[in-house]
Amino acid sequence: MLKKLLKAAMLTVCAAAMLGTLSADVEAKPKHLSKKAKVGDMVYFGKYEQDGKKSNGKEKLTWRVLDKKGNKVLIVTEKLIDMRPYHDHFDPITWEKSDIRKWLNKDFTNAAFSSAEKQKIQSTKVVNKDGKYGADGGNDTTDKVFLLSAEEAEKYFKSDDDRKAKVTEYFKQELRKFMIFYCSREEVGDDSIRQIEEEQDNCYNYWLRSPGYGLYIADSVGYDGAIYVSYLSGDKVEELGDGAYNCVRPALWVNL
């Protein structure tokens, strides 16, 4: 009798452990965006090319819920969805005048969201504070889609590790093409991808909208999750050079 009781107890414990693991896995999966969304959730909203196989269509975009106010949530893509220059020319530039802002609110928005989804995206007053070193943040703007500021990147993530973001296969393909085109050497593109995969755990740098040391420099988050804001470690706002192929991690407020 004792053996049967012990066996039954062990089976109960094992079953509970399995259910607990299963529940954790289910909870970790993204959910469709709904009024039940809470800070920290992963949710689906919109579609964008991510696996690098255009023949099978776009993949669902996964977002992390950063904030919630009433019936609206602030979300940011969990992965780095594309590579873009902050601005197409090496000019002193603010977020208001940047090409990346135009791209996010036109090309990206049209590619990623249906008409119904666009209706849910809230027009947001985006506050553009001066940079840490006094660079002019420019005028505040009204945007559907935007990049996080350095202050917001500090506020909404618990640590550098939490702030890190991985790239998609589509980004790797685009980066490889970029490197081959500008360096005229195929192995350079392969080496770049290998470094991302092996040394950086598939993470990469991504833009913030805040100015760095001056208006030729934009803040960024490094592949290590640190926020770079100085002249030396910021990224050049230019078509070619160190900052040319930084990643994009869009953010937006959406009505539930």
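FYI, side chains are in, hydrogens and waters are out, and symmetry mates aren't considered; it's all heavy atoms of this structure.
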### Query
Given the rule in the side chain to side chain contact (heavy atoms under 4.5 Å, CB included) test, do Val254 and Val73 qualify, once you have shown the distances and angles that lead to the verdict?
CA-CA 6 Å; Val254 60; Val73 289; 3.5 Å; yes
### Query
Given Tyr170 and Asp51, is the side chain to side chain donor-acceptor pair (under 3.5 Å) satisfied, shown in steps?
CA-CA 5 Å; Tyr170 170 71; Asp51 67 357; over 6 Å; no
### Task
Carefully, step by step, assess Asn128 and Arg209 under the rule side chain to side chain donor-acceptor pair (under 3.5 Å).
CA-CA 8 Å; Asn128 296 302; Arg209 71 175 187 270; 3.1 Å; yes
### Task
Mind running salt bridge (charged side-chain N to carboxylate O under 4.0 Å, His left out) on Arg101 and Asp143 for me, showing each step along the way?
CA-CA 8 Å; Arg101 176 181 174 233; Asp143 298 310; 2.7 Å; yes
### Message
Show, in sequence, the C-alpha distance, side-chain angles and deciding distance for Leu256 and Leu33, and conclude whether the side chain to side chain contact (heavy atoms under 4.5 Å, CB included) test is met.
### Response
CA-CA 7 Å; Leu256 300 176; Leu33 187 61; 3.8 Å; yes
### Residues Leu80, Asn246; criterion side chain to side chain contact (heavy atoms under 4.5 Å, CB included); working and verdict
CA-CA 9 Å; Leu80 307 177; Asn246 266 3; over 6 Å; no
### Message
side chain to side chain contact (heavy atoms under 4.5 Å, CB included), that's the test. Do Leu147 and Tyr206 meet it? Break it down for me.
### Response
CA-CA 10 Å; Leu147 300 177; Tyr206 60 94; over 6 Å; no
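Donor-acceptor pairing under 3.5 Å is lacking for the side chains of Glu197 and Asn202.
Asn110 places no side-chain N or O within donor-acceptor distance of the main-chain N or O of Asp107, the cut-off being under 3.5 Å. A donor-acceptor pair under 3.5 Å is formed between the side chain of Gln50 and the backbone N or O of Lys60. Judged purely by atom type and a 3.5 angstrom limit, Gln173 uses its side chain to pair as donor or acceptor with the backbone of Gly52. A donor-acceptor distance shorter than 3.5 angstrom exists from the side chain of Lys144 to the backbone of Ile121, with no hydrogens or angles considered. Judged purely by atom type and a 3.5 angstrom limit, Asp162 uses its side chain to pair as donor or acceptor with the backbone of Lys158. A donor-acceptor pair under 3.5 Å is formed between the side chain of His87 and the backbone N or O of Asp99. A side-chain donor-acceptor contact under 3.5 Å links Ser210 to the backbone of Ala150. In this structure, the side chain of Ser220 does not engage the main chain of Gly222 through any donor-acceptor pair within 3.5 Å.
Hydrophobic clustering keeps Trp95 apart from Val127 (ILVMFWY residues linked when any side-chain heavy atoms are closer than 4.5 Å, directly or through intermediates). At a threshold of 4.5 Å between side-chain heavy atoms, the hydrophobic network of Ile, Leu, Val, Met, Phe, Trp and Tyr places Leu66 and Ile75 in one connected group. The hydrophobic clustering, which links ILVMFWY residues whose side-chain heavy atoms are closer than 4.5 Å, places Trp103 and Tyr204 together. Hydrophobic cluster membership differs between Val76 and Tyr223, with clusters built from Ile, Leu, Val, Met, Phe, Trp and Tyr side chains linked at under 4.5 angstrom. Under the 4.5 Å side-chain heavy-atom criterion for grouping Ile, Leu, Val, Met, Phe, Trp and Tyr, Trp253 is connected to Phe157 within one hydrophobic cluster.
In terms of heavy-atom proximity, Asp136 sits nearest to Thr94 at O-CG2, 3.8 Å. Closest of all the heavy-atom pairs between Leu61 and Ala112 is CD1-CB, 4.1 Å. The nearest pair of heavy atoms linking Asp219 to Gly212 is OD1-CA, 3.2 Å. Heavy-atom minimum distance, Leu74 versus Ala251: CD1-CB, 4.4 Å. Contact between Trp207 and Ala218 at its shortest, heavy atoms only, is CZ3-CB, 3.8 Å. Between Pro211 and Gly137, the shortest heavy-atom contact is CG-CA, 4.1 Å.
The pair Glu169-Lys53 fails the salt-bridge criterion, with no side-chain N (NZ, NE, NH1 or NH2) lying under 4.0 Å from an Asp/Glu carboxylate O. A salt bridge links Lys129 to Glu151: at least one charged side-chain nitrogen sits closer than 4.0 Å to a carboxylate oxygen. Salt-bridge annotation for Asp190 and Arg176: present, with a side-chain N of the basic residue lying under 4.0 Å from a carboxylate O of the acidic one. Ion pairing between a basic and an acidic side chain is recognised when a charged N comes within 4.0 Å of a carboxylate O; Asp88 and Lys102 show no such pairing. Electrostatic pairing of Lys166 and Glu78 does not count as a salt bridge here, judged by no charged N lying under 4.0 Å from a carboxylate O. Ion pair Glu199/Arg194 not flagged as a salt bridge, since none of the NZ, NE, NH1 or NH2 atoms sits closer than 4.0 Å to an Asp/Glu carboxylate oxygen. Salt bridge annotation for Glu174-Lys177: present, with a cationic side-chain nitrogen under 4.0 angstrom from a carboxylate oxygen.
Residues Leu104 and Val248 are in side-chain contact: their nearest non-hydrogen atoms beyond the backbone lie under 4.5 Å apart. In this structure, the side chains of Val39 and Tyr156 stay at 4.5 Å or more apart for every pair of heavy atoms. Thr62 is not listed as a side-chain neighbour of Thr77, based on a closest heavy-atom distance of 4.5 Å or more. In this structure, Pro250 and Phe108 have side chains that are in contact, with non-hydrogen atoms separated by less than 4.5 Å. Between Val43 and Pro30 the shortest side-chain heavy-atom distance does not fall below 4.5 Å. Side-chain contact between Leu208 and Ile227 is present, with heavy atoms from C-beta onward closer than 4.5 Å. A heavy-atom distance below 4.5 Å is found between the side chains of Glu49 and Glu59. Contact annotation: the side chain of Thr109 approaches that of Val145 to within less than 4.5 Å [non-hydrogen atoms, C-beta and beyond].
Going from atom CG of Leu252 over to atom CZ of Phe146 covers 6.5 Å, rounded to the nearest 0.5 Å. The distance from the CG atom of Asp82 to the CZ atom of Arg249 is 15.0 Å, given to the nearest 0.5 Å. Annotation: the span from Asp91 atom CG to Tyr216 atom OH amounts to 6.5 Å, rounded to 0.5 Å. The CE atom of Met179 sits 6.5 Å away from the CG atom of Leu175 when rounded to the nearest 0.5 Å. Remark: Asp41 CG to Ser34 OG distance equals 8.5 Å, nearest 0.5 Å.
Using the six-membered ring where Trp is involved, Tyr133 and Tyr213 have ring planes that are tilted, between 30° and 60° apart.
No more than 12 heavy atoms of other residues, nucleotides or ligands shown are found within 6.0 angstrom of NZ on Lys106. Atom NZ of Lys120 sits in a sparse spot, with 12 or fewer heavy atoms from other residues, nucleotides or ligands closer than 6.0 Å. A 6.0 Å sphere centred on NZ of Lys72 holds more than 12 heavy atoms belonging to other residues, nucleotides or ligands. Taking a 6.0 Å sphere around NZ of Lys164, one finds it holds more than 12 heavy atoms contributed by other residues, nucleotides or ligands.
A cation-pi arrangement is absent between Lys58 and Tyr48, since the terminal nitrogen or guanidinium carbon is not both under 6.0 Å from the aromatic centre and inside a 45° cone about the axis.
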